[in-house]
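Notes follow once the structure below has been shown.
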Amino acid sequence: MLNKIKTNPFAMIIWLMLSCVVHIVLFNSKVNSDYQIWQRILALIIALCFTFPIHELLHFVFMKMFCKGSVKIKIMKGPMGLPTFGTVAQAEFKKWQMVIIYLAPLVLLTLTFDIVFAFCAKVELIFFVISVCNSAGCFYDIVDTLIVANKKELGNS
């Protein structure tokens, strides 16, 4: 069932909307909105260009920590058939390692920013957009984490 969710564009849209709504409800009053429309669009473009490579780099770093084999970031076909960045390794990972690898970008790029936002009086738009973009981009990571968590481990953990 979880594999069907990964290929369902409606599920992705719901997650994207939910990510945006949660961030807007929690932090909208703190976001510095003293920007013109072109600056807001530029912040979005910069955040998108920054977030996705850093997101995959975090997967890469944690995969390298857990394996001695080859780990690569490459452009590949995503679950909905669209080209996307992906990190692949020629190694077997334990369940707990896979959970850490999948959730590292969510924790480090979204939750860490969100915790910092909670203590800030004002949040710059670019950091807010990075957090929202990464949260939205973690849809497949969360589904993959649930898939891994529901699998029975073959070896020792």
Side-chain angles (χ1 to χ4, degrees), residues 1-66 71-89 93 96-149:
M1 181 178 110
L2 289 170
N3 282 323
K4 288 183 182 179
I5 290 173
K6 279 178 67 170
T7 58
N8 186 338
F10 187 64
M12 173 68 163
I13 291 169
I14 289 172
W15 174 258
L16 186 111
M17 290 173 32
L18 183 63
S19 296
C20 291
V21 167
V22 166
H23 278 86
I24 288 169
V25 167
L26 291 176
F27 304 114
N28 192 40
S29 63
K30 294 183 174 199
V31 175
N32 181 2
S33 57
D34 299 333
Y35 295 98
Q36 296 177 354
I37 190 70
W38 71 268
Q39 292 169 316
R40 292 176 189 208
I41 293 169
L42 184 61
L44 177 63
I45 292 168
I46 291 169
L48 288 171
C49 291
F50 169 83
T51 303
F52 296 118
I54 297 300
H55 176 107
E56 287 306 317
L57 185 62
L58 287 168
H59 287 308
F60 177 85
V61 166
F62 280 88
M63 282 185 180
K64 278 300 239 187
M65 283 175 34
F66 295 133
V71 179
K72 296 178 183 176
I73 297 176
K74 63 181 195 174
I75 296 176
M76 52 201 283
K77 189 185 255 189
M80 286 192 272
L82 300 172
T84 184
F85 282 109
T87 307
V88 294
F93 295 100
W96 67 269
Q97 291 172 327
M98 288 303 300
V99 169
I100 290 171
I101 290 166
Y102 283 135
L103 294 182
L106 177 67
V107 171
L108 296 174
L109 272 182
T110 298
L111 298 181
T112 303
F113 274 28
D114 291 352
I115 290 168
V116 171
F117 293 167
F119 296 102
C120 292
K122 278 286 187 191
V123 174
E124 286 306 315
L125 180 65
I126 188 77
F127 297 113
F128 177 75
V129 174
I130 287 170
S131 183
V132 172
C133 287
N134 189 66
S135 175
C138 285
F139 172 74
Y140 296 118
D141 296 335
I142 291 170
V143 174
D144 286 336
T145 301
L146 294 172
I147 290 169
V148 166

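Here the structure is a predicted model, which is why all the values come from computation and not from measurement.
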(message) Atom NZ of residue position K122 - does it have more than 12 heavy atoms of other residues, nucleotides or ligands inside 6.0 Å?
(response) yes
(request) Taking all non-hydrogen atoms of both residues into account, name the closest pair between M98 and V148 and its distance. (result) CB-CG1, 3.9 Å
(request) Mind checking the CG-NZ spacing from L57 to K64? Nearest 0.5 Å is all I need. (result) 12.0 Å
(request) Output the distance between atom CE (M63) and atom NZ (K72), rounded to the nearest 0.5 Å. (result) 13.5 Å
(message) One pair to check against side-chain contact (heavy atoms from CB on, under 4.5 Å): V99 and T145. What are the steps and the verdict?
(response) CA-CA 6 Å; V99 169; T145 301; 4.1 Å; yes
(message) Enumerate the salt bridge (Lys or Arg N to Asp or Glu O under 4.0 Å) contacts for residues 131-144, please, sequence neighbours excluded, ordered by first and then second residue.
(response) K6-D144
(message) Working to the nearest 0.5 angstrom, can you tell me the gap between L106 CG and T112 OG1?
(response) 9.0 Å
(message) For the backbone of I73 and the side chain of T87, can you confirm whether one donor and one acceptor N or O come within less than 3.5 Å of each other?
(response) no
(message) I need the minimum non-hydrogen distance between L108 and L58, along with the two atoms involved.
(response) CD1-CD2, 3.8 Å
(request) Write down the atom of A43, the atom of V129, and the distance for their closest heavy-atom approach. (result) O-CG1, 4.3 Å
(request) Identify the heavy atoms of I126 and A47 that sit nearest to each other, and give their distance. (result) CD1-N, 3.9 Å
(message) Are more than 12 heavy atoms, taken from residues, nucleotides or ligands other than F66, located less than 6.0 Å from that residue's CZ atom?
(response) yes
Just distance, no hydrogens or angles: give the donor-acceptor pairs under 3.5 Å from side chains in residues 9-20, sequence neighbours left out.
from, atom 1, to, atom 2, distance (Å)
W15, NE1, S19, OG, 3.4
W15, NE1, S135, O, 2.8
S19, OG, W15, O, 3.0
S19, OG, S135, OG, 3.1

(message) Measuring only between side-chain heavy atoms, which start at C-beta, is F128 closer than 4.5 Å to K30?
(response) no
(request) Mind running side-chain contact (heavy atoms from CB on, under 4.5 Å) on V71 and F62 for me, showing each step along the way? (result) CA-CA 10 Å; V71 179; F62 280 88; over 6 Å; no
(request) Measure the spacing between CG of D114 and CZ of F27 and express it to the nearest 0.5 Å. (result) 4.5 Å
(message) So Y35 and I41, do their side chains get closer than 4.5 Å, heavy atoms only?
(response) no
(message) To check you understand the geometry: which heavy-atom pair defines the closest contact between M76 and G86, and what is its length?
(response) SD-CA, 3.4 Å
(message) Working to the nearest 0.5 angstrom, can you tell me the gap between C138 SG and Y140 OH?
(response) 12.5 Å
(message) Using the ring pair (Phe, Tyr, Trp, His ring centres under 6.0 Å) criterion, which residues pair with H59? Sequence neighbours excluded.
(response) H55
(message) Looking at every heavy atom in both L48 and P53, which two are closest together, and how far apart are they?
(response) O-CD, 4.2 Å
(request) Supply the atom-to-atom distance T51 OG1 to N134 CG, rounded to the nearest 0.5 angstrom. (result) 6.0 Å
